[in-house]
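Written out below as structure tokens is the structure these notes cover.
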Amino acid sequence: MLNQITTILECSRVFSLPMTFMSWLIIFTYSSLVAGNVRYGLLSLLGICFAHLAANVFDDYFDYKSLIKQVGFNKKEYLKNSQKTKCRYLIAGLMKPRQILYLACIYLLIAIIIGAFLLFKCGIGVLYFAIIGGFLTVLYSFLSKIKLSEFSVALAYGPALFGGVYYVMTKTYSWDAIILSIPSMLVTVILLYIHTVMDYDFDINEGHKTLANSFNSRLDSLVILKWLLILAYTTPVLLCISDIADWQVFSVWLTIPLAIDLYKSMISFSTNPNSIPEHKWYHFPMENIMNEPSFMIRIYQSRNLMIYYSLLLTSSIILALI
């Protein structure tokens, strides 16, 4: 039973939920401080998390179906070279494709039930945001193959999440919520982009057309990472200009050393994918890095940057509005 639960959690990629929680925390805090309904905000987190898990499982299911159709596909060779979690449980036979499809549908159904309740309580606006979320949940796997994964994540973790949570908590639309989403959205996209840069060869071999592998090399693709980082640290000024928050938002600049460290780490990876960056105290937390340390340390670096950035932005909103 325990092994089955562990397998379900692994194939659902629950380790990716912190990016959802941190994005939600920012807009939840902001909405709470402008007299939003806290209970509906907490319920929206559940719905968003289940939609996120559904997207993860659908992504693996459709990727697996695409993989096995490839001429000369060899399961043993794939398992030697695949990402740590991508489709491994399907290819290794730990779960059947039918079970994965059922799991994705269960997650999606729970998200729909929560969305229906919020629609009844909060108004028609919930439906608009739910349609966007549902579209991205089911079609993310296809969009990621045509260089639209970053756009999809930006839309999902930007206007859709921030606008939707603000709406269910206040029953109104807000451009301020959309503007507030921009810095957070960028650090979330950075996390995804780091992943696709490291999967440069892997995606090419599988026929995935990503933004990263549209460049001639991993090193060339880092120009996008550079600009994403620059924008992440300049767009907080929009919050001051729009009078959403005050100067406290620039506390996110405290994470600039982490961003520089991450960029240098990716340069090292681009020239030598087996290189392992020095594990420094401010990289904490880092869980299991025994397997594929070169890959996992950089994933944790980007994840932790997103977490620290989000916590500082949330704190600055509290200081500005209380």
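We use all heavy atoms of the structure for the numbers below, so side chains are in, but hydrogens, waters and symmetry mates are not.
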- Message: Between Ser302 and Tyr193, do the side chains contain a donor N or O and an acceptor N or O under 3.5 Å apart?
- Response: no

- Query: Where is the tightest heavy-atom contact between Leu118 and Ser44, given as atom of each residue plus distance?
  - Reply: CD1-CA, 4.1 Å

- Query: If we ignore angles and hydrogens, is there a donor and acceptor under 3.5 Å between the side chains of Thr20 and Tyr157?
  - Reply: yes

- Task: Return the orientation label for the Phe58 and Phe62 ring planes: parallel under 30°, perpendicular over 60°, tilted otherwise.
- Result: parallel

- Are Leu143 and Ile204 grouped together when hydrophobic residues (ILVMFWY) are joined by side-chain heavy atoms under 4.5 angstrom apart? no

- Query: Should Asp60 and Arg13 count as an ion pair when the cut-off is N to O under 4.0 Å?
  - Reply: yes

- Evaluate the ring planes of Phe50 and Tyr107, with Trp represented by its six-membered ring, and classify them as parallel (under 30°), tilted (30 to 60°) or perpendicular (over 60°). tilted

- Note on the structure: Tightest non-hydrogen contact, residues Cys49 and Leu17, listed as O-CD2, 4.0 Å

- Task: Check the pair Ser16, His52 against side-chain contact (heavy atoms from CB on, under 4.5 Å), reporting the backbone distance first and the verdict last.
- Result: CA-CA 9 Å; Ser16 63; His52 182 173; 3.1 Å; yes

- Query: What's the spacing between Ser149 OG and Phe142 CZ if we round to 0.5 Å?
  - Reply: 14.5 Å

- 4.5 Å side-chain heavy-atom contact, Met306 and Ile190: no

- Take the angle between the ring planes of Phe129 and Tyr167 and call it parallel below 30°, perpendicular above 60°, tilted in between. tilted

- Message: Would you compute the distance between atom CG of Leu311 and atom OG1 of Thr29 and round it to the nearest 0.5 angstrom?
- Response: 9.5 Å

- Charged N-O contact under 4.0 Å between Asp201 and Arg218: yes

- Query: Going by distance alone, is a donor N or O of one side chain under 3.5 Å from an acceptor N or O of the other, for Asn213 and Ser221?
  - Reply: no

- Query: Are Val153 and Val14 in one and the same hydrophobic cluster, where Ile, Leu, Val, Met, Phe, Trp and Tyr link if side-chain heavy atoms are under 4.5 Å apart?
  - Reply: yes

- Query: Around atom OH of Tyr233, are there more than 12 heavy atoms of other residues, nucleotides or ligands at under 6.0 Å?
  - Reply: yes

- Query: Can you tell which of Asp176, Val34, Ile178 makes a side-chain contact (heavy atoms from CB on, under 4.5 Å) with Tyr166?
  - Reply: Val34

- Message: With rounding to the nearest 0.5 angstrom, report the OH to OG distance, Tyr308 to Ser310.
- Response: 12.0 Å

- Query: Side chains of Val165 and Met169: does their closest heavy-atom pair fall under 4.5 Å?
  - Reply: yes

- Message: Treating Asp246 as the side-chain partner and Gln248 as the backbone partner, does any N or O pair qualify as donor plus acceptor under 3.5 Å?
- Response: no

- Query: Please walk me through it: do Arg303 and Met19 pass side-chain contact (heavy atoms from CB on, under 4.5 Å)?
  - Reply: CA-CA 7 Å; Arg303 182 202 65 181; Met19 62 188 272; over 6 Å; no

- Give the cluster check for Leu33 versus Leu313: same hydrophobic cluster or not, with ILVMFWY residues linked at side-chain heavy-atom distances below 4.5 Å. yes

- Message: With rounding to the nearest 0.5 angstrom, report the CD1 to CD1 distance, Ile244 to Ile182.
- Response: 8.0 Å

- Smallest separation among heavy atoms of Cys122 and Lys171, with atom names: O-CG, 3.7 Å

- So with a 6.0 Å cut-off around NZ of Lys145, is the heavy-atom count from everything else above 12? yes

- Query: Above 12 or not: heavy atoms from other molecules or residues under 6.0 Å from CG of Asn216?
  - Reply: no

- Item | Positive for side-chain contact (heavy atoms from CB on, under 4.5 Å) with Ser270, one of Leu225, Asp220, Leu222 | Leu222

- Query: Is there a side-chain contact (heavy atoms from CB on, under 4.5 Å) between Leu180 and Phe162 once you walk through the steps?
  - Reply: CA-CA 8 Å; Leu180 178 59; Phe162 277 64; 4.0 Å; yes

- Taking all atoms of both residues into account, what is the closest heavy-atom pair of Asn56 and Ser12, and its distance? ND2-O, 3.0 Å

- Query: Using a distance-only test with no angle check, is there a side-chain donor-acceptor pair under 3.5 angstrom linking Ser268 and Ser275?
  - Reply: yes

- Message: In the structure I gave you, are the side-chain heavy atoms of Leu127 and Ile124 within less than 4.5 Å of one another anywhere?
- Response: yes

- Could you label the plane-to-plane angle of the Trp24 and Phe28 rings as parallel, tilted or perpendicular, counting under 30° as parallel and over 60° as perpendicular? parallel

- Task: Step by step, work out the ring pair (Phe, Tyr, Trp, His ring centres under 6.0 Å) result for Phe250 and Trp253.
- Result: CA-CA 6 Å; Phe250 296 111; Trp253 286 359; 4.8 Å; yes

- Note on the structure: For Pro183 and Tyr309 the tightest heavy-atom approach is CB-OH, 3.3 Å

- Query: Is there side-chain contact between Asn274 and Ser294, with at least one heavy-atom pair below 4.5 Å?
  - Reply: no

- Message: Under the side-chain contact (heavy atoms from CB on, under 4.5 Å) test against Leu228, which residue among Leu192, Val189, Val223 passes?
- Response: Val189

- Does Tyr102 OH have over 12 foreign heavy atoms under 6.0 Å away? no

- Below 4.5 Å, heavy atoms only, C-beta onward: do Met198 and Ile194 meet side chain to side chain? yes

- Counting only N and O atoms by type, is there a donor-acceptor contact under 3.5 Å from the side chain of Asp199 to the main-chain atoms of Phe202? no

- Decide yes or no on side-chain hydrogen bond (donor to acceptor under 3.5 Å, both in side chains) for Asp203 and Thr196, but give the supporting numbers first. CA-CA 8 Å; Asp203 286 332; Thr196 56; over 6 Å; no

- Item | Check: Leu161 and Ser181 side chains under 4.5 Å, non-hydrogen atoms | no

- is_close_aromatic(Tyr140, Phe135), centroid dist under 6.0 Å: no

- Evaluate side-chain contact (heavy atoms from CB on, under 4.5 Å) for Ile114 paired with Phe117, printing each intermediate quantity in order. CA-CA 5 Å; Ile114 293 172; Phe117 175 82; 5.8 Å; no

- When rounded to the nearest 0.5 angstrom, what is the spacing between CG in Leu139 and OG in Ser152? 9.0 Å

- Quick one: closest heavy-atom pair of Pro236 and Val249, and the distance? O-CG2, 3.7 Å

- Item | Cluster overlap Ile230 with Ile224, hydrophobic side-chain contacts below 4.5 Å | yes

- Does Leu108 reach the side chain of Leu53, with side-chain heavy atoms less than 4.5 Å apart? no

- Item | Leu119 reachable from Ile113 in the ILVMFWY side-chain graph, under 4.5 Å edges | no

- Item | Leu191 and Val187, any side-chain heavy atoms less than 4.5 Å apart | no

- Query: Between atom OH of Tyr200 and atom OG1 of Thr210, what is the distance when rounded to the nearest 0.5 Å?
  - Reply: 8.5 Å

- Message: Donor-acceptor check, side chain of Ser265 to backbone of Asp261, threshold 3.5 angstrom: yes or no?
- Response: no

